Amino acid sequence: MITKLRIFDLNPEQQDAVTCISGPLLILAGAGTGKTRVITSRIAYLIEELTPPEKILAVTFTNKAAREMKERIASLVPPDAAKAVTACTFHSLCVRILRSHAQLLGYKKNFSIFDDSDQAGLLKKVIARTAAKDESLDHKVALSLISKAKNQGWNAPPDQTTLLGAVYQNYQDELKLQNAMDFDDLLVQTVRLLNEFPEAREQWQNRYDQIMVDEFQDTNRLQLELVSLLAKGLNPNVCVVGDDDQSIYGWRGAEISNILEFEKHFPSPSIFKLEQNYRSTTAILDAANRLIRNNKNRRGKRLWCAGKEAAPVQVMAMPSDVEEAEFVVSEIAAQRESEKLPWEHFAVLFRMNAQSRLLENELRRLRIPYRVVGGKSFYDRREVKDLLAYLSAIMNPDDDQALLRIINTPPRGIGPTSVELALSESAASKCSVQETLSKPEFLSRCSRKSAPNITSFLESLQTLRIQVSTPGADLFTLISSFLDTCGYSEDLRRVCKTEEEFFNRESNLRDMLGLIQRYQQRSTDGLQGFLDEMNLDRDRQEDEEDSARGVTLITLHAAKGLEFPHVHLIGAEEALLPHSRSLSEGTLDEERRLFYVGITRAMKTLTITHCQNRKKYGSTELSLPSRFLKEIEGTGVVQSNYEEIMNQPADEDFMASEFEKFRAKFSS
DNA sequence: AGGTGAGCATTTTTT
DNA sequence: ATGCTCACCT
């Protein structure tokens, strides 16, 4: 009954989408049209229409989206029903599937998951081993090629005679030897499992009656295939939600054709368009509509909103990037002062991370709080990685990468000579490094000095392994005392240059242990479960904290899905937006969509700036206004020039006078 | 084992 | 301008 009331709140198109519950369904949800609301309402509706909640699967891309979805479902349906719904990311869905059937693929079910740096480390090693003297291969290039190949669905290298092919093959073999998968493997192997093993496929097809996919325009080939494999019958209940106009991840494998040609993959679907926007003003939406209609391949949508009185979109020409930063920051300061707004209402959007620098300087100068979204992650910090490596080496003795990371951290007299020997022996005997190290024949072969060190190192790992595996063990205490006794904490202090650095790193470790403790309280999956979550959900902390307050500085990509009352979009110049690289790569449409995403983030006001001069890689270069600025021209968009405004008498233009005041106020 | 300097590239990012 | 990698040096 609760749901019936909620459905009454939806607009007619939303209602149509929510109540269409059988057969393939494509919901084209424009920016700010209440997409999440439709998805969650639909889940509530399904439950009300007697779909068992455990038969509902909702897949997202990010953990954040999955979490938000769970929360919103919980607010619509009874707690036990909400809990029974599966709302997770593609990758965590794959981990679930793989943990249940890994043996079929020749992996043990406690396989470990390699993150980017594990992957890079292994690949470097493999390249060094595989390449002949006169050959070389950049590991980053290899990484992206291998990833691309995997996402094309190639299980094995197409051509092993090339260096890349050989590296791919060896890399894959080595992963398997280490009982590990990289992020791409999670998808590749799941698809392989479901393709090759009918009983596994049937089991998982029967697991869900209703499948929903969020941000469908971002799915790649494999993700589409996974959805197809999980879909049951000829007329499967697959509901995908997305917006072709917001497809901005083509460069990392997203196939916009998945949504453009949805009918090809799921015949005769119901299709609904959500075009009523609840976020922005008419001026902003008109600009966005004018821009995006220049793209050829699209479903076609026109955003509109129930007439709100609208401030025009400002397009401002700036002499250089320095003034741009000054102007943007002082305008934000002025606006928040005159309208008494919190800093959180403001965001500055840009194409490249490097552009945040000048803004940060300016914000710091004026003591304005800000946060930069997408900096270095907590989990990239060395001490955090070390701790995770210790835990992984304990839980998965086959994880060579983890073991190698911590084998001599802190220094315990196991040098590169011993490691090298262990590596070659383990490769020869096809067993893990940890196992190799424990073999008497190995110990007798390595140096007299390191042998006892190795033995005692393995023993200490073994002791901790037994301790943490004891049901009800207090992981927090066990692990922190382990770090002390093995000398890690001491080493950390030694390595740090300043007391402050040590304090930071140590508190990172404490935070990490705190996470373990909290995990233990809410889950029964033990340390293995914790490691899975860490590997798949590295940003949990930052999301949870969300305490960072202030003006948001964010890239256009990272801004997708967010909204801010007042947005400044900076650097709307040729070669930057569209990026020069995209011109040579022929991805102008995607740049246009990126601009579109930026525009549609704004709720009340939007100011777009472009500079004549911009400092790039050291030297100043002349820039032209972005071609997209021509495309948004029309009613509700006003162009102005910073220098002209500044030269006008104060009463001529309200903006200019206000701006001057605040400029004077803040620069004194 | 660890530190230093030359050389080099430099869009966007999740899991 | 800057930061990162790799090679070479102490």
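Being a predicted model, the structure only gives us computed values, none of them experimental. Chain A is the first sequence line, chain B the second, and so forth, proteins listed ahead of strands; every chain is numbered from 1.
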Whole-Å gap separating [atom2] ([N]) and [atom1] ([X]):
X: A:Phe90; N: B:dT13; atom1: CZ; atom2: C1'; answer: 17 Å
X: A:His91; N: B:dT15; atom1: NE2; atom2: C1'; answer: 4 Å
X: A:Leu358; N: C:dT2; atom1: CG; atom2: C1'; answer: 14 Å
X: A:Leu594; N: B:dT12; atom1: CG; atom2: C1'; answer: 7 Å
X: A:Gln355; N: B:dT12; atom1: CD; atom2: C1'; answer: 11 Å
X: A:Leu388; N: B:dT15; atom1: CG; atom2: P; answer: 16 Å
X: A:Tyr617; N: B:dA9; atom1: OH; atom2: P; answer: 12 Å
X: A:Ile256; N: B:dT12; atom1: CD1; atom2: P; answer: 21 Å

If you only use heavy atoms from C-beta on, which nucleotide in [options] is closest to the side chain of [X]?
X: A:Arg581; options: B:dT15, B:dT10, B:dT13; answer: B:dT10
X: A:Arg357; options: B:dT12, C:dG3, B:dT14; answer: C:dG3
X: A:Tyr249; options: B:dT15, B:dT13, C:dT2; answer: B:dT13

Partner set under ring-ring contact (aromatic ring centres under 6.0 Å, His included) for A:Phe61, not counting sequence neighbours: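 If we apply the ring-ring contact (aromatic ring centres under 6.0 Å, His included) test to A:Phe61, skipping adjacent residues, the hits are A:Phe90.
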Could I get the full list of ring-ring contact (aromatic ring centres under 6.0 Å, His included) partners for A:His579, not counting sequence neighbours?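 For A:His579, no residue satisfies ring-ring contact (aromatic ring centres under 6.0 Å, His included) once neighbours in sequence are set aside.
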Any ion pair linking [Y] and [X] (charged N to carboxylate O, less than 4.0 Å)?
X: A:Asp214; Y: A:Lys35; value: yes
X: A:Lys296; Y: A:Asp589; value: no
X: A:Glu360; Y: A:Arg357; value: no

Compare side-chain N and O positions of [X] against OP1 and OP2 of [N] and report whether any pair is under 4.0 Å apart.
X: A:Ser92; N: B:dT15; answer: no
X: A:Asn353; N: B:dT13; answer: yes
X: A:Asn63; N: B:dT14; answer: no

Just to be sure I understand the rule, does [X] reach a base, reach only the sugar-phosphate, or reach nothing, if contact means heavy atoms closer than 4.0 Å?
X: A:Arg593; value: nothing
X: A:Glu585; value: base
X: A:Phe61; value: sugar-phosphate

Pairwise P distance for C:dT5 and B:dT12, with rounding to whole Å: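 Between the two P atoms, the distance is 16 Å.
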